[in-house]
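Everything numeric in this text was worked out from a predicted model, so none of it was measured. Here is how names work: the chains are called A, B, and so on, in the same order as the sequence lines, proteins then strands, and each is numbered from 1.
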Number of protein chains: 2
Amino acid sequence: MLSLTAFLTVASTITVALAIIFNTVHDPLTASIGFGILGGSTTWLIIPMLTESFLNAKRTGRDAHKLTKPILPESMGVVAATVYLICLFLFIPFPFMDYFTGQHILSRKEPFHTPTFPHNKLGEFLSALLSLQSMILLGFADDVFDIRWRYKLLLPTIASIPILINYYVGSGETHISVPIPFRFIFGQILDLGPIYYVYMGMMAVFCTNSINILAGINGVEIGQSLVIATSIAANDLLFLNAFDQTVETHLFSLFFLIPFIGVTIGLMIHNWFPARVFVGDTYCYFAGMTFAVVSVLGHFSKTLLLFFIPQIFNFVYSAPQLFKLVDCPRHRMPDFNPRTNKLEYSTVRLEQPLSPVSSIVIKLFALLRLVEIKHEKEEIVVNNFTLLNLILLKFGPMHERTPPALRRAVVPR
Amino acid sequence: MLSLTAFLTVASTITVALAIIFNTVHDPLTASIGFGILGGSTTWLIIPMLTESFLNAKRTGRDAHKLTKPILPESMGVVAATVYLICLFLFIPFPFMDYFTGQHILSRKEPFHTPTFPHNKLGEFLSALLSLQSMILLGFADDVFDIRWRYKLLLPTIASIPILINYYVGSGETHISVPIPFRFIFGQILDLGPIYYVYMGMMAVFCTNSINILAGINGVEIGQSLVIATSIAANDLLFLNAFDQTVETHLFSLFFLIPFIGVTIGLMIHNWFPARVFVGDTYCYFAGMTFAVVSVLGHFSKTLLLFFIPQIFNFVYSAPQLFKLVDCPRHRMPDFNPRTNKLEYSTVRLEQPLSPVSSIVIKLFALLRLVEIKHEKEEIVVNNFTLLNLILLKFGPMHERTPPALRRAVVPR
């Protein structure tokens, strides 16, 4: 089933990972890298083995963007998420290893080493895992049952209770530095109080759903998640030489992101064009909640939004359809044209006369050149409001395996 | 869909529950009862509403013990477990409310009120939820994918890491009081050290799987869980007047058990004979892990085994088939006889000659009168080794709705 080369590669990778983990008892960051490698190679290894179970359990979807329209196993994100959780569970003792071995008495690296066991740090770690695991459970349930939108908005808020309580009993900081243009109104520092908790609770809702709706072609959910994860991790690395509490919060963030990047790469190999598996809502929720959790407990939830610019654009652009101001078909992913083997933007037919709200939205989007309108008899036909459709509208039909095509379209020769 | 009486009942119950919760800010035990009522009535209310989603998602099973063999929604335990988790998430702040309101400075109830926030207690709570939620995720995945036995044995051990780490950084107590007959060998107190952690890890494996294998007729999974839960809760109540740390650990146990009893009753009403829903592996894992978690963190994991006597018997009795020493068919539940409308013990056919191990097991069980052997041509036919089959063997065929029939069989007139 597995070729000899593949077997040797994965066996040696896992060996290296285990060697790193067992040799880095007092350096949790290196151990985390070990778990990242271990998680990634395990995910890569077991997904093909589990394909049959997924097909038997009817967890399948059809890849509509291929000529043969193959049936692929769906919600494989649950495998990556489970491997991730196992890695993180096994990792729990590592940041606290110095306390278990008595090393903390010798160490002088304040503020990381307090004289007694840092129960608050362990609590923070556990709350992060708890919130994250809740969303994985919700994502998987969504894959199986197709949960309604209103619950998808409510449940992430409940799932973020553990991290919010930890935030509250931890620093509980709710002051924000006001952006310069607004300082003449609010002053330099503003205490948002309870509103800040509402904002953090909304982060979970936003991060999970915004990744979930920027989907529809092979590798796009996982590709964007990998870009965001590496961006946050790079940002974290910049803080590791600081001399205050920020080191600790950014280390915390890395402990969660490194294994995440590992399992994501393991899953991506199977999901990249042409995909052999789909990642499902489970993966989107898992990814989004990882980002929400590290940003809240790492105290950089505002910075995080900078890494979410394409998702924010897609969300705002999609909003009229999501909130039913404009008709929304069941699927809004691009259409596949079997003659050209390329993807084209998908459309929705709106009956004339439009409702006043639809009319305003369409006119506004037309003004911003975000929509193409065709008049057909009694109806008007517009592209669906998603970033992927907009790209196809602006740059013309493209093959699904596209970056080269996009490059040709953007850079005129 | 819901009759007026039912609607008024559930609406008033939920109102009462909310009134209790909002009026008991400084009494977490009463709040817990409020959440129990809330969770129970919510579970009872939403299960019929979700039946269609479960049927659409093909989460169904056939009730083989009825004349009509109806198709029922399967794994409804995931609904009860989700409601339970939401209740517990919302409950997290309650035990710590005095710290949030500054009340702890006034209170003199040492050791419950420490001058600073008890991060260790919050960590304990979160670790318990984390371990529990892991098993709910595993149970649901098992319902969907039919996970193999070896993973079902391994994964609960990993799921219990959070509570074991909390046990370690908490009391870390590994001394046990040696039972009197063995004291001449081991002395009065024995330090089991790491073996005690292995034992606690095994508790999770045992509790979850032992409930899962004592199954097969309407209401039996949930009935036994309710009996165990109320037994532990009653035991906890006996400790509430103590004047030491045991009050706190038993309160902790009650915080988890009271909502569990609530959602269990809500689910039981739909699962009792004649069942409208099945509870699935999810419920068995959820129930078993709740017991394992409260017993480990409540420091009564040895006492817990007393409440598991029927499950221990069933497990030991089943072991030869579970470990394939004797042939094990796919299903071992009792057979339904449509002529009498009663259940009869199910059998397995073993080819002659038996393997030496099978032969020893069968002879031993025959000696203990735990098996009935029939010789048919080349084969021998024996009852499947489960407690339910044994009861049917000893007391004769019974109707599934049985306690009265059992009473008639046991008490001769």
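For A/Leu122, the part lying near chain B is the side chain, with the backbone staying farther off; criterion is any non-hydrogen pair under 4.5 Å. Both the backbone and the side chain of A/Ser134 come within contact range of chain B, each with at least one heavy atom under 4.5 Å from a heavy atom of that chain. Using a 4.5 Å cut-off between heavy atoms, A/Leu137 touches chain B through backbone and side chain atoms alike. No part of A/Ile147 comes within reach of chain B, as not one of its non-hydrogen atoms sits under 4.5 angstrom from that chain.
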Determine whether A/Phe94 and A/Phe35 satisfy the following criterion, ring pair (Phe, Tyr, Trp, His ring centres under 6.0 Å), listing intermediate values before the conclusion.
CA-CA 11 Å; A/Phe94 282 82; A/Phe35 277 107; 5.6 Å; yes
Between B/Phe260 and B/Phe256, is the ring pair (Phe, Tyr, Trp, His ring centres under 6.0 Å) condition met? List the steps.
CA-CA 6 Å; B/Phe260 176 81; B/Phe256 280 80; over 10 Å; no
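Annotation: side-chain contact (heavy atoms from CB on, under 4.5 Å) contacts of A/Thr60 (sequence neighbours excluded): A/Leu55, A/Ile71.
The aromatic rings of B/Tyr168 and A/Phe100 sit perpendicular to each other, their planes meeting at more than 60°, with 30° as the lower class boundary. Using cut-offs of 30° and 60° for the angle between ring planes, the B/Phe125 and B/Phe91 rings count as tilted.
Taking each heavy atom of A/Pro259 and A/Ser32 in turn, the nearest pair found is CD-OG, 3.7 Å.
Top candidate by heavy-atom pairs under 4.5 Å with chain B, chosen from A/Leu138, A/Asn120, A/Ile86, is A/Asn120. Comparing A/Asn56, A/Thr82, A/Asp146, A/Leu129 by heavy-atom pairs within less than 4.5 Å of chain B, the highest count is held by A/Leu129. Per-residue counts of heavy-atom pairs under 4.5 Å with chain B were compared for A/Lys58, A/His119, A/Arg59; the largest is that of A/His119.
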